[in-house]
Structures are given as structure tokens and as C-alpha cells.
Amino acid sequence: MASQVPPRLLACWVILLAVLLRVILGLHSYSGAGVPPKYGDYEAQRHWMEITINLPLSQWYTNSTQNDLAYWGLDYPPLSAYQSWVHGKVLQRWVPEAVALGSSRGIETPRSKLALRQTVLASDLAVYFPAAAFLALTLHGARLSRQAITTLAQLLLGPGLILIDHGHFQFNCINLGLTLAAVACTLRGSLLAGAALFCAALNHKQMILYFAPAFFSHMLGTCLQQRSAWGKLFLLASIGGVVLASFGIVWVPFLATPGGPLPVLRRIFPTARGLFEDYVANLWCASSLAIKWRRLLAPSQLLRLCAAGTLAAVLPAMACQLRRPTRRAFLLGLANSSLAFFLLAYQVHEKSVLLPLAALGTLGGPTAELAQYVGVYSMLPLLRKDGLATAAAAVAVAYAAVLGTLRPALPPAWRAARAVFLAGAAAITVGFWAVPPPPRYPFLEDAACMAWCCTALVCLFGYTNVLQVQECWGPGAARRGRHGKRKGA
Amino acid sequence: MECRMPSVWSILGLATAIKVLLVPAYKSTDFEVHRNWMAITYSLPTSKWYTESTSEWTLDYPPFFAWFEWALAQAASWADPAMLEVPRLNYASHATVAFQRGSVIVSEVALLAAAWWACRSLGRRAQSLALALVALHPGLIMVDHIHFQYNGILLGIFVASMAALRDGQHLLGAALFAVLLNFKHIFLYAAPVYFVFLLRHYCRGRSAPSRFLLLGCIVAAVFLLSMGPFVTRGQAGQLASRLFPFDRGLVHAYWAPNFWALYAAADKVLAAAVRRSGRWLPPTARMTGGLVGTAAFEVLPPVGSRATALVTLVAMAPCLLHTWRFPNPARFPQAALHCTLVSFFFGYHVHEKAILMVLVPGAVFVVHEAHPALANRFFFLTTLGTYSLFPLLYRPEEYSIKVLLLVLYTASAPQLLSWQLGTPSRLHTLPGAYLWGLVGVEAASSWILPYLLGSRLPFLPLALVSCYCAVGMGAALIWSSFSYISPPEPKRAPH
């Protein structure tokens, strides 16, 4: 039964609930809690704050007696470093012991934990929340419609991001928020603002590169749609100029340092690291159960193989957008390009699944919802290590409860797909709980989980690619797509 | 905009998710209290339950609650048997915390089921509404799932008992209430109105004596089952001294927002005035500083437990007399909650948590009655009463949690209720302004005063909260009194 609700109240409700879940999750454990000597991502982020406020900028990315790069050296682009500096300065005022040079290593007092949690929450509220609201309004008309609120809920309550940022401890809300804002600007036709915001996101975390093919092809495609040759060239040049200027602004402090930006770049793209880390639900990791890639090929060969595979996987999406750069094609392109990178790129982390999740979240609909469950389950080995497994289930249930109320009922095919995936996940989890794996293969459960999630993600990737091609060439392509709406969903 | 009523599974899912997420939150000494009680009931024979005193948190709830702890302990032995050893004071392993938190969540099913049952005549939608208002009640989440108590199951019995009497199932209602009293005797607050109602509505007509006898037998049987084993061992006195520790003083360390908070505040103000005038006051007077200390007043006369009982009965009298003259089952829950509120307002050594006895059942019956004035009063009381629980959770970690829980609830409750009422309910200007004043009180007590005072006068911000809330409680009490004895307005049909 339906009843009238003021849309503003509903939106407020979603936002407040999103904040509440984040705050409560903050009470939980984090990455590397109580595990000296290296701890985890929590300590890494805190250590960056300590380094950036206590050392001059020229030493941030270089090894020195006071900056031991082997102990969580900065390996994110400069905007992350600046962000650490800002947070470090704030912490220095309120909890100086949490960011004191050297002596603060491994600090785990309740006070410092609360303060660090609040830096993430503040970043989330300052960047991700407004960006999500902006995008939701952009996608569904300026009015607060029901679809807009559903998209808002999809973006704000998505369990993956909440768990990694406010549980595990990272600042993905900043780079994903900037990306969402870039998407919104691009959809509104402000390509220059979109390009600038995308560069900012890229300069906060290099993994945002996963979205680059989509942005590139959409913007190039839009340039090609201009009537005159001069118009095409002018728009392209303007976008190029904005990109260069954005990068310039972020990197200029490092150009003046002795070594130049090279040491920073070497830290950011550590090709010396492996094909993948731990158990990540991508094709390399899944196929390595059968094919021992790392034994067969040298790292440089692997790198080339990954690059070729990724490029091949993003090509359809890019080609479609070059041909018809519609709004929907752009959103699908974001999903396809990030999924292609996640499934096939070199050195993918399990947390990088957040990127396709964000892209699918902008797309909305049952795809996004299913992807969230797959994403959270794919990170279960990591979350379990952090002591966040129960919390992950709870956050996912809260998400399902709210989305289930807001969105229209799922089509039967999607309900079946969701049931199949969840049943498989439950079977793996309960099965290994009931029958522990033999001591020789302690990571059998993680491997099973990874393979199952990889299968699901490949299916999603295939589905979104079909949609992408339909959007470009399929029947009725000219009629649909202009408003980014899906029929029957 | 059109929006569906959330499905039962959505409501339960969201509420349970929030409660499960709260497992690592702050827990008060009540956590250790209940662990200790589990240990006592599990490892000692019943004869020692009320004499054992290794821990300072001795068993001071009636026997049925002790048996409830015993039942929990049977399951707990499977989770972590170490928590069931009496000498292990303050034992809180991961398994213990998970088990105890989980037991609160599971036992709360009694309340959810009772709310569902109490609204069964209204259909699925109203039942879902009642479920949402109860399962997401911020006060209950704060007290049960953060602070740590087992109010859920108790309030469930209370709701079921009132609903049974409302529906004419007198014996069931009376038996449930007798059971409830043997779980936690604080529900004596509502006993006078139960007595009057049963006497006048059930024990009448030609079969009155036999009905009275039957009722008496049932109640006596429940009490015999509960207290009998202890009384036959000669522990009646011991039991009574545990259950009614009158040496605890009129007000609790943090003043519950009731009449005596205002009385104590008036005493402080008068004492300060006397001091300023240069008169000497005896130095025996002390603020209630300790956890359980006896309060003494400096200027105003001391108030004993008998005096409070008398005042409470006098304040209840209009409602009791009205029930005596017109024993209307449909309005019984309202009368019972009104009397509970009166007892809260004038009772001896009342804890601020006791307000849940009014707020949570109120959420169920406000859905059932679907009356705009009642809805407004419920909204007013629940906002104010929940706010008055804020000082319980004093850590900075939980600060935004309690604020968000309350704001989310107060933002959505009127909306949800208006679906049931068919009209948007609006508070009058004065109560509305008073509730907005809570924002100012919170700003003053949590931010401005601590900043200005530093570590001086730590009691002042709390006293401010108590007194401000006490004024609102008093107003709500008078409002509730008048609306109960005045004839009800015509009920608007839900659309």
C-alpha cells in the first residue's frame, strides 16, 4: 500500500540513516587493529598524516631516516598527501599524540581512534554526500523524485564503501565522491568541470584510472559530435588544457623538489609488485587456480598481457561511446571500463571492487543491487581479517531493507539471479563453517569465495556490455537512452 | 510522493542490523550485573541465589527474572562457560559480549510479537507500523542495546497483558501481569489501576464473588510459584530486603526527570540563597555524588518512601476514580500507562530508564487507538523521554549515535502515524516550542556549559537536563490526566 511522504523528509531520512550506519560502524575494529609491528591501512593513513605535517614536502615520497618508506611509505598521488596534511593539522590541534613524529607509531588509544574515524566521516560528509546528491538530482531531473531518492540511497547506503571507509579505514569517499561529481558535471554537459574533477579524483587515488577510458571516450565522442571541425578541435583543446592545468596545479609543488616528480611516480605505480594481491575476485586470480601465471610468465610479460587484456575488454565500451556518446552510454561505459580493469588489470586489490560498485550504483536498478552483494561478499576474506564480518552482514541487510522499500519490486529474472548468488555465497560460508578446510589448504574458502564472485562479476560484465552495445547499435537505440532510463526495470 | 509502508522484513532487518552493529558499543555496569546473575543462577542452588554476595551487583530482581537468567545461562554455557563462574568479576570475553548482546536482541522478540499481537485486529499495515515504532524506538535501543538491559522481554509481557485486558481476556491479562511483577517488581507502578479495573470490569454481576476468587487464585498461584520456594526456606525477609532497598534515597545519582528533580533543584537554589544571606547551614548535607547514595536536602524537608507513595496515589486518584466509575476496556491501556507515568513522576528512587515503561507500550497503543490527540501526546512524551536518557551514554563515541537515533525517530514517527490517522498530526505551538527548546538544552548541557565550567560543577549540565525534562513530564502528566478524565473526542476513521 502506498502513502504520501514529503520527498524532502524521505531524502533526509536516507541521509541520516547513512550517517548513523557510518558512525555505528566506527565503533568496530579496523584494518590491522592490535597487530604490531605493521598494523594495517588504518596505521598507514595515520602515518601519512604524521609524515606530511612533520616533514617538508620534498621528503614526503623519499626514503630518509625520519621517513622509512618500508613502513607504510606514501604511495598515493599528491592529493592524498595534501588531504593527509589537512587531517594531520586538524588532529595535531585536538589529539597531538596521534600524529607526533615517530612516537605516534601504532597508537591505538580510544581518543585517537575516535578522532581518526571522524576525519573519514568529515571527508565523507564534505565530499561524497554532496556529490551523491548532486548526481542523483542530475540523473533524475532537478526535482527530488522517487528515482532520485532511490539513487541517493543506492549511493549512500551501498555497503561496500561504508565498510571499507568506516570499518577497514580508507578515504575512498574522497576520490569516489570527486568521480561522482565529475560524472554529474559531464552528464550536465559541463565537460570542462567534469574533466577537472576527474583529474582531482585521479590525483587522490591512482585506481580512479579504471574510469579513464569511459571519460576519455565519452569526451572525445562528444567532441566528435560538434558540427564544425573548429568546434571539435576547440572543445578537445579546451578539455586537454583543463586536464593539463589540473595536473599542473596538483603537481607543481613537486616539480620544484630536487628529484622532481619521478620518485613520486615510482611510488604510485609500483609495477614491481605482483599480478594480484591476496584473493581478489578477478580473472587472473580465479584462473590462477588452474594456470600458474606467475610461474609461466615473467612480470614484464604479465604486465603486457594484462594491459592487452584490459584494453581488449574496454574497447567495445569505448567504441560505443565514440559512436553515440549518450548519457546512458556514459554510465554504462563507466561500469564496463571499471569492471574490465578490475577483472583484467595488473596488481588489483580486492578493495578496488568499490570502483565498479560506484559506477553500477550510478546506473541504478537491479544490476547495482546485485553488484553490491557480490562486492561485499568478494571482500569477505578481507573484512573477516579485520573483524568486520558480522558488521558486513548487518550493513548489507540494512541496505537491502531500505532499498527494498524504496525501489519497485525486482523483476523475476533478477530475483532469481539474486537468489542464486546469495544461495551460493551462503553455501560456501556455511559449508566451510560446518566442514573446515583441510590444514593443507587453509585458504580454500577464500578461493571458493573469490571464484564465485569472479563468476558473478563476469556475468555482470557481459550483461552491461550487451546493454552498452544495444544502447549504441541495438533496435530503438535512437529512441531510448537519451534520459538514461531503463524499461521494465 | 508515494511511498510504500516498509515490509515487515524490511523493518525487522533494519532494526536488527542496527542492534547487531551496536555490539561493540559502550556497555554500562549493567552488563556485568547480568553476567553475574547468570553465573549465580547457573552455578549455585536456588537457596543461595538471594544470599550470594561475591559481587557488589547482587541479585535484586524477583525470582522469575532469576529463572530467565538461568535459562540464558544454559545457552551461555555453550558460548563461553567461563562467564558463568561467580568469582570471575568483570569477565567480558568476545564470546561473552556477543552472547549477552545477542540474548537481548533475541529476547526482544517477545516485545515485537506482543506489539504484532496487540494490533492484530487492525491488519497488516498497522501491525507493521506498530512494529516499526517499537523495534526502532531510540530509547529502547539506547537502554537495551547500548547501555545494556533486558527491557524488551519485560515490556513485551506488559504490552501483551494490557492488550489482553483491552480485548476482554481478563484472566490472561491478570496472569500475565502477575508474571510480569515476578520478573521485575517496578511494574507495581501500574498495579493500582489493574486492581481497580479488574475489580470493576471483571468482578461484577451475579458471579462477582466467584470471579474475584478465581482471579485471586490465579494471581496467588503465580506468586506462589515464584516466591514459594524461597519463602518456605525462610528467605522471605532476605528476598524483600533485596527487592526493596529503601536505603537508596529519594533520587538517583542522575536525577530522573520527575517531581523530585525539581524538588532537589529547588533545595539547591534555596540553600545557595541562604548561604548568600550569610546564614550557616549544617555541613551534613551532600549532593548525591555516589552511584547509590542517600540524598539529603539542605533546606527543604526530607521525603521518605511512604510520603512518595501517598503523593503518587493522590496523583493517580483522578484516573483510578474514573476507571472505577467507567471501567472501559478500550481505554484501559491508556489508564495503565497514565498511572505508570504518575508513578514515574512521583515515585521513590526512580531511574530515568523507567520512562521506557510508558514510551514503548505507548508506541503500540497509539497505533491501536489512532487518535490525533493521543498521537501528539505520544510524540511529545517519547521525544522528551528519550532525550532525558541522553546522559546515560556519556562517551563521545556514542554521542552522534544517540542524537541520530532520536532525530531519525522524531522525524519519521509523526509521518508514519499520520498514515494511520489519515490526517497529519501537528503539535500545538507551546509543546512544539518546548521540544525545540531541547535543542538549546542539549547545546547548553553538552557543549556550552562544559566549555564554560571546565571541570567545575560537573552536576550542573545534568541537573539542567533533568529539570527541563521534568517540567515537560509534569506538563505531559497534567495533559494526560485531563484528557483521560474528559470524554474522548470523536475518533477519526483511518482512511
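So that the names make sense, note that chain A is the first sequence line, chain B the second, and so on, each numbered from 1. Atoms considered below: every heavy atom in the structure, side chains included; atoms not considered: hydrogens, waters and symmetry mates.
- Proximity to chain B is limited to the backbone of A/R407, based on heavy atoms less than 4.5 angstrom apart.
- With chain A as partner, the option from B/V23, B/I18, B/L404, B/L21 having the largest number of non-hydrogen pairs under 4.5 angstrom is B/L21.
- With a 4.5 angstrom heavy-atom cutoff, A/L403 does not touch chain B via any of its atoms.
- Classified by interplanar angle (parallel below 30°, tilted 30° to 60°, perpendicular above 60°), the ring pair B/Y409/B/F378 is perpendicular.
- One side chain, B/Y91 or B/D80, offers a donor N or O that lies under 3.5 Å from an acceptor on the other.
- Contact count against chain B (heavy-atom pairs under 4.5 Å) is highest for A/I24 among A/I24, A/L16, A/V397.
- The closest side-chain heavy-atom distance from A/L116 to A/Y30 is not below 4.5 Å.
- Heavy-atom distances place the side chain of A/L10, and not its backbone, under 4.5 Å from chain B.
- With a 4.5 Å cut-off on non-hydrogen atoms, A/L20 touches chain B through its backbone and its side chain both.
- Side-chain contact annotation: B/H145 with B/E108, donor-acceptor N/O pair under 3.5 Å present.
- For the residue pair B/E397 / B/Y26, no side-chain donor-acceptor distance below 3.5 Å is found, with atom types taken as modelled.
- For a residue to count as touching a neighbouring chain, one of its non-hydrogen atoms must lie under 4.5 Å from one of that chain's; by this rule A/S29 does not touch chain B.
- At a cut-off of 3.5 Å, with distance as the only test, a side-chain donor of B/T382 or B/H137 sits close to an acceptor on the other residue.
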